[in-house]
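In what follows, chains are A, B, ... by sequence order, proteins preceding strands, each numbered from 1.
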Number of protein chains: 2
Amino acid sequence: MGKIIGREVTAEFSTEIGDFWKASHSQIYPELRRMVNDGWIKVSTSSDNAKEKYYEITATGKKTLDDWLNQLVTELPVHEDLFSLKLFFIKDMNDKRIPELISQQLVLLKKELNYLGCRRQKLFTNDTMIQNNYGHYLILMRAISRTQGQIQWLEEVQKQLEEK
Amino acid sequence: MGKIIGREVTAEFSTEIGDFWKASHSQIYPELRRMVNDGWIKVSTSSDNAKEKYYEITATGKKTLDDWLNQLVTELPVHEDLFSLKLFFIKDMNDKRIPELISQQLVLLKKELNYLGCRRQKLFTNDTMIQNNYGHYLILMRAISRTQGQIQWLEEVQKQLEEK
DNA sequence: CTTCACATGTAAGCCGTTACATGATTCG
DNA sequence: CGAATCATGTAACGGCTTACATGTGAAG
């Protein structure tokens, strides 16, 4: 119980966690090693599958995680996105790249919204699932709301630009 | 005209561009050098101030920038934020760290919203300013809308959590 | 028994940071 | 002329990526 192999950690960064944080296996394996060295997790090899290494959190690791969770977040992240960066360099209101960028961004956002909706349906089928993973539920719903908001805003801008 | 020194580029990444992209002077100076090597910009030293190096975009540089602007953005950025990451690890709906994280996040978002409002007032005093920097105006307004949306959403969650 | 998927690992490089260092200008 | 500020630059390092490399298990 509570044991996990590197491959599964990697998978989580493509699904669960992957919606808001990315990491590849090439980063994960060395990190696991460091965490073993630091005593945050311990490793055990199974007898029936020599290639797999089972990792498990230690008391020290739990403490470290808990301390980290108790620390307040003091800064907002910077929103580095190419969409904003490109728009920044376009001065002219009638530059036709503006509607192009917007419509492309809308394509991406709608795909994202659809994806997030699927995630919600898949992960949170009933109230029990929500109550037992409430933090995860919150950030997923927040992502959905944010994406909807952006779509709505961009569509309004799009409409205004067409009216000329 | 069109000439700028490294110090001023650095300053832009603290103000104008800094709202959605960060870079320190230690990154900028080497980059300027590379861009000179690549022929994207050219450098000239002024007679009256030996320490200043004036950079200016070349035709090649303009072409490169233009090509880049014409490329479609094909992926949304990942929203790496500590707020989401921490919430992800909190399973229990009644964990008191949830309202703590939310209220702290609201503090940060309101500060941000206020800052963005000031930027808007300062940079876009009249319609001419808007029309001559329309892309910049759009992303600023988008940031404001996004921040407002997040505040609203979090406040609703906060209210719902209090009702128990 | 060989092929393919699984599981782990390493290497090189990019982009960004903080900290450190240096020279030029300005101003009291 | 000494101190503060301006302007530039370097060093060390951290986190992340892509590409490369290796070994093991399962399945035809």
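- Every pair passing side-chain hydrogen bond (donor to acceptor under 3.5 Å, both in side chains) that includes a residue from residues 143-153 of chain B is listed here, sequence neighbours excluded: Arg142(A)-Gln150(B).
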Please list, for nucleotides 14-17 of chain C, all pairs of protein and nucleotide N/O atoms separated by less than 3.5 Å.
| unit_1 | atom_1 | unit_2 | atom_2 | d |
| --- | --- | --- | --- | --- |
| dG16(C) | OP1 | Trp21(B) | NE1 | 3.4 |
| dG16(C) | OP2 | Gln27(B) | NE2 | 2.2 |
| dG16(C) | O5' | Gln27(B) | OE1 | 3.4 |
| dG16(C) | O5' | Gln27(B) | NE2 | 3.0 |
| dT17(C) | OP2 | Ser24(B) | N | 3.2 |
| dT17(C) | OP2 | Ser24(B) | OG | 3.2 |
| dT17(C) | OP2 | Gln27(B) | OE1 | 3.3 |

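- Partners of Glu155(A) by salt bridge (Lys or Arg N to Asp or Glu O under 4.0 Å), not counting sequence neighbours, listed by chain and number: Lys110(A).
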task: Take Asp66(B) and Lys62(B), measure what salt bridge (Lys or Arg N to Asp or Glu O under 4.0 Å) needs, and give me the verdict at the end.
output: CA-CA 6 Å; Asp66(B) 220 52; Lys62(B) 276 199 184 102; over 6 Å; no
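- Residue pairs meeting the salt bridge (Lys or Arg N to Asp or Glu O under 4.0 Å) criterion with at least one member in residues 113-132 of chain B, sequence neighbours excluded: Glu16(B)-Arg119(B), Asp19(B)-Arg119(B).
- Ring centroid separation for the pair Phe89(B) and His136(A) does not come in under the 6.0 Å cut-off.
- Seen from the ring of Phe20(A), Lys22(A) does not count as a face-on cation partner, given the 6.0 Å and 45° thresholds.
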Give each protein N/O atom lying under 3.5 Å from an N/O atom of nucleotides 1-8 of chain C, with the pair distance.
| unit_1 | atom_1 | unit_2 | atom_2 | d |
| --- | --- | --- | --- | --- |
| dA7(C) | OP1 | Glu52(A) | OE2 | 3.0 |
| dT8(C) | OP1 | Lys53(A) | N | 3.2 |
| dT8(C) | OP2 | Gly6(A) | N | 3.2 |
| dT8(C) | OP2 | Arg7(A) | N | 2.5 |
| dT8(C) | OP2 | Tyr29(A) | OH | 2.8 |
| dT8(C) | O5' | Tyr29(A) | OH | 3.4 |

May I have the list of side-chain donor-acceptor pairs in residues 32-44 of chain B shorter than 3.5 Å, sequence neighbours left out?
| unit_1 | atom_1 | unit_2 | atom_2 | d |
| --- | --- | --- | --- | --- |
| Arg34(B) | NH1 | Glu31(B) | OE1 | 3.3 |
| Arg34(B) | NH1 | Glu31(B) | OE2 | 2.7 |

